[in-house]
Amino acid sequence: TTSVSNAASVINRFIETDRSVTLYTLDLDAAQKLELFRLAEHDVQPENRNYLYNHFTDNCVTRILRNLDTVIGGTLSQQALETPGRLTLRGHVRRHTAAHPVWDWLLNFWMGQVIDKPVSVWQEMFLPSEVGRFIEGFSYTAADGAQHKLVSQVENIYTARRAPVLEAPWNSLGGALAVGVLIALFFYQLEIFKKKNAGLARRLLGAGHALLGIVFGIAGSLLFFLTFFTNHDYTFENSNVLFVNPLLLLAVPFGALLAVTNNEKKARIYENVLCMLWTYVFLAALLSRIITIVPSYYQNNGFVIAVLLPISYMLGVPRIMLRKLISAGLRRQK
C-alpha cells in the first residue's frame with residue numbers, strides 16, 4: 001500500500017532502528033517539482049494506493065524512481081537500462097543477508113532462477129542504496145537546454161553502527177557444506193552406536209529423521225506453494241523444488257514410528273522407506289545441480305545443495321551401496 005508519511009518521523013524511526021540515512025537534494029525546476037508532487041499525490045489516492053508488491057520490480061523505491069524518471073523525460077531509465085548491473089539480483093540480496101546465515105539460506109532457497117540472470121543498473125535500483133549510487137553521478141538535459149547534475153547535494157544524516165552491508169555477496173558454500181557434513185556425521189555415529197545400544201540408537205535415528213522432515217518438509221512445502229500458487233515471479237522456475245518439497249514431510253511419521261517401535265521387522269520397514277526417501281533427495285539434488293550447466297536453467301543454488309547432499313547421501317541408498325562395495329572389495333583382498 002502506498003501511503004503518506006511524515007519525513008521527520010520516518011527518519012527518526014530509521015535512526016532508532018540503527019539504519020543509515022542519507023538525503024539527496026535534487027536539482028529540479030519548479031515545474032518538475034510540482035509534477036513530481038502531483039505524481040506522488042496520484043499514487044496515494046484510494047483507487048491507486050493498493051498494488052501487488054514485488055520485491056524487485058514494484059516496491060516503495062521503484063515507484064518513486066519511476067516518477068522521478070517521468071519528470072526528467074525518461075533519460076534516467078534510458079541510461080540505467082543501457083548500463084550493465086554489477087551484480088545479479090541474488091547477489092544484492094545475499095550481500096544484505098550475510099549477517100543472518102539461516103535467513104540467507106532460507107530466502108535464497110525460496111527464490112528461483114530469475115534472480116540469477118544478468119540485469120541492468122535500472123533493475124538493480126530496487127534498492128535505495130543503488131539509486132543513490134547511480135543518481136549521484138547522473139546528469140540530464142533540463143528545460144533550459146543545459147546539462148544539470150540531478151543531485152545537487154548529498155547529506156549524511158546518520159551512519160548505522162552495525163556492520164556495513166557487504167559490497168559483494170559472501171561465499172557461504174564452505175559453511176553450508178560444513179553444516180551438511182556435521183549432520184551427516186551425527187547420523188553416521190548413530191549407525192556405529194547401534195552396535196552398543198540398538199534400541200537407543202534407533203530412537204535417536206527416528207527422532208533425527210523426524211526433525212529433518214519437519215525442518216525441510218515445512219521449508220519445501222512453502223517452496224512448493226511459492227513456486228506454483230503465488231503471483232511472485234521471483235519464486236518461479238526454482239529447481240530446489242525437485243529435491244526439497246512436501247514429500248519430505250513423510251520423514252516425520254516414519255521417523256516417529258521408527259523411534260517408538262520395538263519390533264525389529266517393522267523397524268526395518270520404516271528404515272527402508274526413509275532410506276528410499278533420502279535416496280530420492282540425493283538423486284534429485286544431483287539432477288538439480290547438473291541442469292545448471294545449461295545457461296537457460298542456471299540457478300545459483302550450490303549452497304542449498306551443499307547442506308542436503310551429505311545428509312541425503314548418509315541416509316539414502318548411495319551410502320548403503322558404497323558400504324557394500326567396500327565390503328566386497330575387502331573380501332576379494334582376503
### Message
Rounded to the nearest 0.5 Å, what separates atom CG in Leu150 from atom OG in Ser139?
### Response
8.5 Å
### Query
Is it the case that more than 12 heavy atoms not belonging to Phe303 sit under 6.0 Å from its CZ atom?
yes
### Query
Is the side chain of Asn238 donor-acceptor paired with the backbone N or O of Thr227 at a distance under 3.5 Å, no angle test?
no
### Query
Side chain of Glu124, backbone of Leu87: donor and acceptor closer than 3.5 Å?
yes
### Query
Donor-acceptor pair, Thr261 side chain versus Leu257 backbone, under 3.5 Å?
no
### Task
Provide the closest heavy-atom pair for Asn156 versus Val21 in the form atom of the first, atom of the second, distance.
OD1-O, 3.3 Å
### Task
Give me the ring orientation class for Phe126 and His92: parallel if the planes are under 30° apart, tilted from 30 to 60°, perpendicular past 60°.
perpendicular
### Query
Which of parallel (below 30°), tilted (30 to 60°) and perpendicular (above 60°) describes Trp105 and Phe109?
parallel
## Note on the structure
dist Leu106:CG -> Leu222:CG (nearest 0.5 Å) comes out at 9.0 Å
### Query
Within the side chain of Asp58, is there an N or O that forms a donor-acceptor pair under 3.5 Å with the backbone of Asn54?
no
### Task
May I ask you to decide if Ala160's main-chain N or O and Ser20's side chain share a donor-acceptor pair within less than 3.5 Å?
yes
### Query
Distance-only, no hydrogens or angles: does the Ser9 side chain make a donor-acceptor pair with backbone N or O of Asn6 under 3.5 Å?
yes
### Message
Atom NZ of residue position Lys117 - does it have more than 12 heavy atoms of other residues, nucleotides or ligands inside 6.0 Å?
### Response
yes
### Message
Distance alone, cut at 3.5 Å: any donor-acceptor contact between the side chains of Thr22 and Glu155?
### Response
no
### Query
Are Arg38 and Glu41 ion-paired here, with the side-chain N under 4.0 Å from a carboxylate O?
no
### Task
Decide if atom OH of Tyr188 counts as having more than 12 heavy atoms of other residues, nucleotides or ligands within a radius under 6.0 Å.
no
### Task
May I ask you to say whether Glu130 pairs ionically with Arg133, meaning some side-chain N is under 4.0 Å from a carboxylate O?
yes
### Query
What's the spacing between Asn300 CG and Asp116 CG if we round to 0.5 Å?
5.0 Å
### Task
Would you please say whether a donor-acceptor pair under 3.5 Å links the side chains of Ser77 and Asp69?
yes
### Query
Considering residues, nucleotides and ligands other than Glu35, do more than 12 of their heavy atoms fall under 6.0 Å from its CD?
yes
### Task
For the pair Arg90 (side chain) and Gln299 (backbone), establish whether a donor and an acceptor sit closer than 3.5 Å, ignoring hydrogens and angles.
no
### Query
Thinking salt bridges, do Arg94 and Asp104 make one under a 4.0 Å N-O criterion?
yes
#### Entry: Whether over 12 other heavy atoms sit under 6.0 Å from Phe186 CZ
yes
### Value rounded to 0.5 Å, distance of CD1 in Ile183 from CD1 in Ile311
4.0 Å
### Query
Does a sphere of radius 6.0 Å around OH in Tyr297 hold more than 12 heavy atoms from other residues, nucleotides or ligands, not counting ones at 6.0 Å or beyond?
no
### Task
Could you check whether the rings of Trp278 and His209 sit parallel, tilted or perpendicular, using 30° and 60° as the cut-offs?
tilted
#### Entry: Under 3.5 Å: donor-acceptor pair, side chain of Thr88, backbone of Gly91
yes
### Query
Is the number of heavy atoms from other residues, nucleotides or ligands within 6.0 Å of CZ (Arg162) greater than 12?
yes
### Query
Relative to each other, are the rings of Tyr53 and Tyr51 parallel, tilted or perpendicular (30° and 60° limits)?
tilted
### Query
So, are Glu191 and Lys194 salt-bridged, with charged N and O less than 4.0 Å apart?
yes
